[in-house]
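Notes follow the structure.
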Amino acid sequence: MKDHLYNFLLHLGDNALVLGHRLSEICGHGPILEQDMAMTNIALDLVGQSRNIFQYAARMKGGDTTEDTLAYLRDATAFKNVLLVEQKNGDFAKTILRQFLYDAYNYPLYKRLMNSSDKDLAAIAEKSIKEITYHLKWSSEWVIRLGDGTEESHNRMNNAIQDLWSYTGELFKYSDYEISCHESGILPDLNGIAEEWNAEVKNIFAEAGLEIPEKAWSHDGGKRGVHSEHLGFLLAEMQFLQRAYPGQEW
Amino acid sequence: MNTAISKEDVYSILEKVSDPEVPVLSIIDLGVVRDVILSDDLVEVVITPTYTGCPAMDMIEVEIKATLQEHGFERTKITTILSPAWTTDWLSESGKQKLREYGIAPPQGAAKSKRALFSEESGIICPQCSSTNTEMVSQFGSTACKAQYKCLSCEEPFDYFKCH
């Protein structure tokens, strides 16, 4: 088994699963019905994408590993998602900004993964990119609406930028397994993705009347299993049923 | 198993399996059946998901197996492929007609760039009154495959099976 590919798959699957779970927390609590449905639709896409990735990872691992054991029976330190996606929903501005900063990274990443040297991963990317395109359009539009909206929505977007900006540096910082994946043609160059991300964020922020913060210190650790305190609480809820009643089905 | 069974026979049996979310559509109408492979006593059905998170896919697998068993096929296998990715271009003409009669506007023509901000597919025909004076309420609807629209002529809301 290629350990670097397996770890990279967990990283991709965990990003999708954790953000999907965060969005699912909003189900029934969205600001208006249509946007509640939009966020739960996106949650469904992301959880679906994580299933495809975990199914592939489980086939690679073999033995008793399944998509469910990967999602429900690993502890926080085994999760490799970036810190950005585990951050709490906060107000609608923070939920939207987290989504946009992530979608603007995910879109160029998956676009490139369609040409990955790993054919299974390329197929997953080809399937996922159509959905990710909807996500980026939706979150971009809301960043503009809120940033260029009322004084209140503009201020809230600025607060969200303050809260979340320091989690964006990690997206483009190579982990060990990403370096190995890059060397074997599985993963494209993160610098190219960073360039596209920077241009996208710059464009949308300009249209929204929002300022990009000065280059600042950034958190990292998520990719290697060192997480903020929020992930443990998220997993406690997500994994409760399988931990308390192992093997339970509905 | 029946002797001299052909692919076409299996396809016609699969016409009886409907999409659990949009029951007027068969899985053949929907275009999710990509191939049928017959070997010895095994029937393999190759399917592709519409959207990755669509909860109907698990149900569809169960129903394919059950329907084939009802028709005497004991050994069946479902294989899921992701590439080439499903597109609404694979929705059959009869499927589009069935959708319209069911009250869901079928996908119209080729989609514009999905990345153009604040854009929407315009001129969508209202399945109630056939007006094209309609507007999008949200690109995300009651299921992953549908957007919410409203008709400005008859003032009824409706689902649009979006181009994908």
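Lettering of chains follows the sequences in order, A, B, ..., and the numbering in each one begins at 1. Side-chain atoms are counted along with the backbone in the values below, which use heavy atoms only and exclude waters and symmetry mates.
No part of A/Ile129 comes within reach of chain B, as not one of its non-hydrogen atoms sits under 4.5 angstrom from that chain. The contact between B/Thr143 and chain A is made entirely by backbone atoms, counting heavy-atom distances below 4.5 Å. With a 4.5 Å cut-off on non-hydrogen atoms, A/Ile204 touches chain B through its side chain but not through its backbone.
Atom CZ of residue A/Arg51 and atom CE of residue B/Met57 lie 10.5 Å apart, to the nearest 0.5 angstrom. Put simply, CZ on B/Phe140 and CD on A/Gln35 are 8.5 Å apart, with the number rounded to the nearest 0.5 Å. Here CD of A/Glu131 is found 5.0 Å from NE2 of B/His164. Values are rounded to the nearest 0.5 Å.
Between B/Pro49 and A/Lys127 the shortest side-chain heavy-atom distance falls below 4.5 Å. In this structure the side chain of A/Lys137 reaches within 4.5 angstrom of the side chain of B/Ser119, judged on heavy atoms.
Across all their heavy atoms, B/Ala85 and A/Glu126 have their closest contact at N-OE2, 3.1 Å. Between B/Gln139 and A/Trp138, the shortest heavy-atom distance links the atoms NE2-CB, 3.6 Å. Residues B/Phe118 and A/Glu141 approach most closely at N-OE2, 2.5 Å, considering heavy atoms. Between A/Ser140 and B/Leu117, the shortest heavy-atom distance links the atoms CB-CD2, 3.7 Å. Contact detail for B/Thr52 and A/Asp45: the closest heavy-atom pair is OG1-O, 3.4 Å. Contact detail for A/Leu44 and B/Pro55: the closest heavy-atom pair is CD2-CD, 4.1 Å.
Heavy atoms from other residues, nucleotides or ligands lying under 6.0 Å from NZ of B/Lys7 number more than 12. The environment of OH in A/Tyr72 is sparse: at most 12 heavy-atom neighbours from other residues, nucleotides or ligands sit within 6.0 Å. Applying the 6.0 Å contact sphere to CD of A/Glu211 captures no more than 12 heavy atoms from other residues, nucleotides or ligands. Within a 6.0 Å sphere centred on CZ of A/Arg156, other residues, nucleotides and ligands contribute 12 heavy atoms or fewer. Counting heavy atoms of neighbouring residues, nucleotides and ligands inside a 6.0 Å radius, atom NZ of B/Lys16 exceeds 12 of them. Within a 6.0 Å sphere centred on CD of B/Glu101, other residues, nucleotides and ligands contribute more than 12 heavy atoms.
Comparing B/Gly141, B/Cys54, B/Ser138 by heavy-atom pairs within less than 4.5 Å of chain A, the highest count is held by B/Gly141. Counting heavy-atom pairs under 4.5 Å between each of B/Thr48, B/Ile81, B/Leu82, B/Thr87 and chain A puts B/Leu82 at the top. Chain B forms the most heavy-atom pairs under 4.5 Å with one residue out of A/Val47, A/Thr40, A/Thr133, and that residue is A/Thr133.
A cation-pi contact links B/Lys162 to A/Tyr134, judged by a cut-off of 6.0 Å to the six-membered ring centre and 45° from its axis.
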